[in-house]
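Heavy atoms only: backbone and side chains are in, while hydrogens, waters and symmetry mates are out. The residues of the chain are indexed from 1 along the displayed sequence.
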Amino acid sequence: MKAKIHVTLKSGVLDPQGKAVEHALAAIGFGGVERVRQGKYIELDLAESDPERAHAKVDAMCRQLLANTVIENYTFRLGD
C-alpha cells in the first residue's frame, strides 16, 4: 500500500523558501505570482494491507517524525 503525504507550513509561519521562489519567479519574468508557500511531498510504500492499521501507522509517522506539528500541517492519502 502506498501513502502519499503532503506537509505544509501552518498559516502565519514565515516561509523564507517560498519567498525566495516568489522573488526568483518574478526575476525571470513570471509576474503575477502573488504568494508562494513551499512544503514537502513524501511517498511511502508500506508492507501493510489493512487500511485502518496503515492509516494509524502513517498518522503516527507524521506526528513523530515526518512533520513538525508545531509549525506544519500534514495530510495523507492511502492507495495504490
Side-chain angles (χ1 to χ4, degrees):
M1 181 176 298
K2 190 173 291 282
K4 298 178 179 181
I5 304 161
H6 288 93
V7 180
T8 57
L9 289 170
K10 289 183 176 179
S11 180
V13 174
L14 188 63
D15 182 358
Q17 284 185 306
K19 215 45 153 167
V21 170
E22 180 182 321
H23 289 294
L25 287 170
I28 62 173
F30 292 102
V33 178
E34 296 180 354
R35 185 173 179 218
V36 176
R37 299 285 287 173
Q38 285 209 172
K40 56 189 169 186
Y41 172 73
I42 303 164
E43 199 171 282
L44 305 174
D45 288 319
L46 304 169
E48 179 63 67
S49 58
D50 180 78
E52 288 186 27
R53 282 197 303 255
H55 187 280
K57 284 183 179 178
V58 172
D59 191 53
M61 290 177 194
C62 290
R63 282 186 279 110
Q64 294 177 29
L65 179 69
L66 301 176
N68 178 348
T69 57
V70 174
I71 62 169
E72 295 174 324
N73 292 318
Y74 65 88
T75 60
F76 63 88
R77 187 169 56 92
L78 300 173
D80 296 326

Notebook entry, point to check: After noting the C-alpha distance and the side-chain angles of Val58 and Glu48, does the key distance pass the side chain to side chain contact (heavy atoms under 4.5 Å, CB included) rule?
Noted result: CA-CA 11 Å; Val58 172; Glu48 179 63 67; over 6 Å; no
Are there more than 12 heavy atoms of other residues, nucleotides or ligands under 6.0 Å from atom [atom1] of [X]?
X	atom1	result
Tyr41	OH	yes
Glu52	CD	no
Gln17	CD	no

Next item on the list: Test Lys10 against Ile71 for side chain to side chain contact (heavy atoms under 4.5 Å, CB included), laying out the working first.
Entry: CA-CA 6 Å; Lys10 289 183 176 179; Ile71 62 169; 5.7 Å; no
Answer yes if [X] and [Y] sit in the same cluster of Ile, Leu, Val, Met, Phe, Trp and Tyr residues linked by side chain heavy atoms under 4.5 Å apart, and no otherwise.
X	Y	result
Leu78	Ile5	yes
Phe76	Leu65	yes
Val21	Leu14	no

To check you understand the geometry: which heavy-atom pair defines the closest contact between [X] and [Y], and what is its length?
X	Y	value
Leu44	Met61	CD1-SD, 3.6 Å
Ala54	Met1	CB-SD, 3.5 Å
Arg37	Leu9	NH2-CB, 3.4 Å
Val7	Ala67	CG1-CB, 4.0 Å

Gap separating the [atom1] atom of [X] from the [atom2] atom of [Y], nearest 0.5 angstrom:
X	Y	atom1	atom2	result
Lys4	Asp80	NZ	CG	9.0 Å
Arg77	Glu43	CZ	CD	9.5 Å
His55	Asp50	NE2	CG	12.0 Å

Notebook entry, point to check: Does Lys40 use its side chain to pair, donor to acceptor, with the backbone of Leu66 at less than 3.5 Å?
Noted result: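 Side chain of Lys40 to backbone of Leu66: a pair is present.
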Notebook entry, point to check: Asn73 side chain to Thr8 main-chain N or O, any donor-acceptor pair under 3.5 Å?
Noted result: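 Absent.
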Margin query: Taking the basic N atoms (NZ, or NE/NH1/NH2) and the acidic carboxylate oxygens, is any pair closer than 4.0 Å for Arg63 and Asp59?
Written below: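 Yes, charged N to carboxylate O under 4.0 Å.
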Next item on the list: Give the C-alpha distance, both sets of side-chain angles, the deciding distance and a yes or no for side chain to side chain contact (heavy atoms under 4.5 Å, CB included) between Leu46 and Lys57.
Entry: CA-CA 9 Å; Leu46 304 169; Lys57 284 183 179 178; 5.8 Å; no
